[in-house]
Chemist: 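Please find one structure pasted underneath; my questions will follow.
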Amino acid sequence: MPSVVVVGLQWGDEGKGKVAAYLSKGARLAVRYNGGPNAGHTVVYSGRTFRMHLIPAGGLVCGRAAICSGVYVDLRTLAEELRESREVRPDLKVVLSPRAQVITELALRAEELLESMRGERAIGTTRRGIGPTAVERFGRVGLRVADLLERETLKEKLGDIAAFWRLEGSDLDAMAESLSEQFMSLDLEVAEVSRVIRDHLTSGGTVVFEGAQGTMLDVYYGTYPYVTSSVTTSAGVSPGCGVPVRWVDSVVGVAKAYTTRVGAGPFPTELHGDAAERIRSTGGEYGATTGRPRRIGWLDLVQLKFATDLNGTDRIFLTRIDTLSGLTGLKVCTAYEGYKDGDYPVTLSELSKVRPVYAELEGWPVIDDVQRTTIVREGYGALHPNARRYVEFLEEHLGTPVKQIGIGPGVEDVVER
Ligand code: IMP
């Protein structure tokens, strides 16, 4: 049963879209198990750049995609994404779980209120309704895909949600009408996704589970409360998809060669000034969902060790070595003063006080298009020795092998080790 989970090891935006697409070649099914339209998995497919919010990026490559119960679904985003994806992949089949949670206008309104209520302590969410929809789920008033099939239940549920958020004056009839219409126009199959996944696995097909966001945004283990409202670790596969935990064969952790984060919250290795600006502009580091400039920082091995341990990471796919190229005097955080290896601060006040200890490493020359082609063809040995040193330094510190290295935006711009 070859199944693999692709999981972000930082604060999201590690390049999971490209990695999932790369690993989905020859797979039977690509699966999204968590998050919602807050995610933006960028993948270059058939000469076009796609930012996939709900359909797993790997689905474009293997042609069959599943959106599971752990996902928060915005019907309009899904319709738009189905349309765009089928322009290049007309045969794309999508199966949606009847248990997936539906994001409503009410959740979007609730989020506006909650974020403005927090004032300076706002989370800086993507404003896609994720937090309130999660609260609805666990508050047991949530609207699920299956409810869209029953008009009376749909109206009743919308009434419950409006009462829950105390959002008076909402035209619930119009809302129900519009949700029904949007749902009916979706060209996909609604089915028990857990069974679909199990059938693929028992018949010998490969399934790629594509995690959204990153470990440090996990609602249990991330930099709470500056997190998203999902389980973003590999552990999310089982509740998110309804497959037994032991059916996941391997965990690929995706780490970027430096660190980024969007939204507010602690970021111990954050960089300001020229180096940050240079990485931001070279790497196009702007949010795929919101367009916000991403905050930039040095690679943080304390944070990465915490994340690789949490996820049970078998191997690392390191991305964006090319974005760092051309910089001199790279720094890598190897410890937080006073913290034991493998520990990570729990509270915001602890995190705001940590003092990162840095190792300085030599940079490597710019990787241009010609070199990229050569390196992909000739393999790891063709990478500049300083770039290899960087990879091996990370690997030694984490005790987890780096098996693939991304050196460009294309799905094929990968060095295998
Ligand atoms: P929410 O998920 O929209 O509630 O936002 C909560 C936090 O997670 C904010 O800091 C967002 O910027 C961040 N976030 C959510 N989705 C992503 C993502 O796909 N990449 C990076 N950050 C994300």
Side-chain angles (χ1 to χ4, degrees), residues 2 4 6 8-10 13-27 41-50 57-58 60-62 206 208 250-260 278-279 281-285 298-299 301 304 308 313-332 359-417:
V4 58
V6 176
L9 293 177
Q10 293 156 318
D13 308 317
E14 299 92 351
K16 292 178 296 295
K18 169 201 158 111
V19 171
Y22 182 78
L23 297 175
S24 294
K25 278 178 289 180
H41 291 181
T42 305
V43 58
V44 180
Y45 180 77
S46 199
R48 264 173 66 178
T49 301
F50 288 85
L60 283 179
V61 176
C62 73
T206 300
V208 177
S250 64
V251 179
V252 173
V254 187
K256 190 143 67 175
Y258 47 94
T259 316
T260 58
R278 158 113 196 238
I279 294 173
S281 56
T282 317
E285 291 289 4
W298 295 123
L299 191 69
L301 296 180
L304 272 182
T308 49
T313 311
D314 295 297
R315 54 190 206 270
I316 293 175
F317 194 129
L318 186 67
T319 60
R320 298 270 192 166
I321 276 283
D322 54 316
T323 305
L324 271 196
S325 67
L327 281 176
T328 48
L330 301 177
K331 286 189 183 179
V332 174
E360 297 214 10
L361 277 87
E362 307 232 2
W364 50 92
V366 171
I367 299 175
D368 61 22
D369 286 347
V370 177
Q371 281 163 328
R372 185 172 289 135
T373 315
T374 312
I375 299 167
V376 170
R377 193 180 56 236
E378 293 180 8
Y380 186 63
L383 261 186
H384 190 277
N386 291 349
R388 279 187 273 141
R389 176 81 199 105
Y390 194 85
V391 172
E392 287 154 29
F393 186 83
L394 177 152
E395 196 172 58
E396 281 155 25
H397 263 265
L398 300 178
T400 306
V402 175
K403 289 289 191 190
Q404 282 111 352
I405 301 155
I407 56 164
V411 175
E412 302 304 330
D413 297 332
V414 174
V415 180
E416 284 280 350
R417 276 179 89 206

Chemist: Could you tell me whether R372 and E412 make a salt bridge, using a distance below 4.0 angstrom between a side-chain N and a carboxylate O?
Modeler: no
Chemist: How many angstroms lie between CG in D413 and CD1 in I321, if you round to the nearest 0.5 Å?
Modeler: 13.5 Å
Chemist: With a 4.5 Å cut-off on side-chain heavy atoms, are V332 and L394 touching?
Modeler: no
Chemist: So, the side chain of E416 versus the backbone of G379: is there a donor-acceptor pair under 3.5 Å, distance only?
Modeler: no
Chemist: Would you confirm whether T206, through its side chain, and A27, through its main-chain N or O, come within 3.5 Å as a donor-acceptor pair?
Modeler: no
Chemist: Looking at N386 and W364, would you say the former's side chain and the latter's main chain have a donor-acceptor pair under 3.5 Å?
Modeler: no
Chemist: Are any non-hydrogen side-chain atoms of L299 and Y390 less than 4.5 angstrom apart?
Modeler: yes
Chemist: Quick one: does Y45's side chain get under 4.5 Å of V411's, heavy atoms only?
Modeler: no
Chemist: Any side-chain heavy atom of R417 within less than 4.5 Å of one from V391?
Modeler: yes
Chemist: Using atom types as modelled and distance alone, determine if a side-chain donor or acceptor of T259 lies under 3.5 Å from a backbone N or O of W298.
Modeler: yes
Chemist: Just verifying a value: how many Å separate I367 CD1 and I407 CD1, rounded to the nearest 0.5 Å?
Modeler: 5.5 Å
Chemist: If I take atom OG1 from residue T42 and atom CG from residue D13, how far apart are they, to the nearest 0.5 angstrom?
Modeler: 8.0 Å
Chemist: Would you say that Y380 contacts R388 through its side chain, given a criterion of any heavy-atom pair below 4.5 Å between the two side chains?
Modeler: yes
Chemist: Closer than 4.0 angstrom, basic N to acidic O: yes or no for E395 and R315?
Modeler: no
Chemist: To the nearest 0.5 Å, how far apart are OG1 in T308 and NE2 in H397?
Modeler: 12.5 Å
Chemist: Is the side chain of E285 donor-acceptor paired with the backbone N or O of S281 at a distance under 3.5 Å, no angle test?
Modeler: no
Chemist: As an exercise, state the distance from CD1 of I279 to OH of Y258, rounded to the nearest 0.5 Å.
Modeler: 6.5 Å
Chemist: Donor-acceptor pair, distance only, cut-off 3.5 Å: does the side chain of R320 make one with the backbone of G406?
Modeler: no
Chemist: Could you walk me through whether L327 and R278 pass the side-chain contact (heavy atoms from CB on, under 4.5 Å) test, one step at a time?
Modeler: CA-CA 9 Å; L327 281 176; R278 158 113 196 238; 3.8 Å; yes
Chemist: Between the main-chain N or O of C62 and the side-chain N or O of S24, is there a donor-acceptor pair closer than 3.5 Å?
Modeler: no
Chemist: Might you point out which heavy atoms bring V366 and S325 nearest each other, and give the distance in Å?
Modeler: CA-OG, 3.4 Å
Chemist: Output, in order, the C-alpha distance, side-chain angles, deciding distance and verdict of side-chain contact (heavy atoms from CB on, under 4.5 Å) for F317 and K16.
Modeler: CA-CA 9 Å; F317 194 129; K16 292 178 296 295; over 6 Å; no
Chemist: When V254 is tested against each of T319, L9, L318 for side chain to side chain contact (heavy atoms under 4.5 Å, CB included), which residue passes?
Modeler: T319
Chemist: State, to 0.1 Å, how close L304 and A255 come at their nearest heavy-atom pair, and which atoms those are.
Modeler: CD2-CB, 4.0 Å
Chemist: Given side chains that start at C-beta, do those of I405 and V414 come closer than 4.5 Å, heavy atoms only?
Modeler: no
Chemist: Looking at F393, is its backbone amide N or carbonyl O close enough to the side chain of E396 to form a donor-acceptor pair, meaning the two atoms are under 3.5 Å apart?
Modeler: no
Chemist: Does E392, at its CD atom, have more than 12 non-hydrogen atoms belonging to other residues, nucleotides or ligands within less than 6.0 Å?
Modeler: yes
Chemist: Report the C-alpha distance between Q10 and K256 in whole Å, list the side-chain angles of each, state the deciding distance to 0.1 Å, and finish with yes or no for side-chain contact (heavy atoms from CB on, under 4.5 Å).
Modeler: CA-CA 8 Å; Q10 293 156 318; K256 190 143 67 175; 3.4 Å; yes
Chemist: Supply the atom-to-atom distance Q371 CD to D368 CG, rounded to the nearest 0.5 angstrom.
Modeler: 4.0 Å
Chemist: Does some side-chain heavy atom of K25 sit less than 4.5 Å from a side-chain heavy atom of V61?
Modeler: yes
Chemist: Taking side chain as C-beta onward, heavy atoms only, is F50 less than 4.5 Å from H41?
Modeler: no
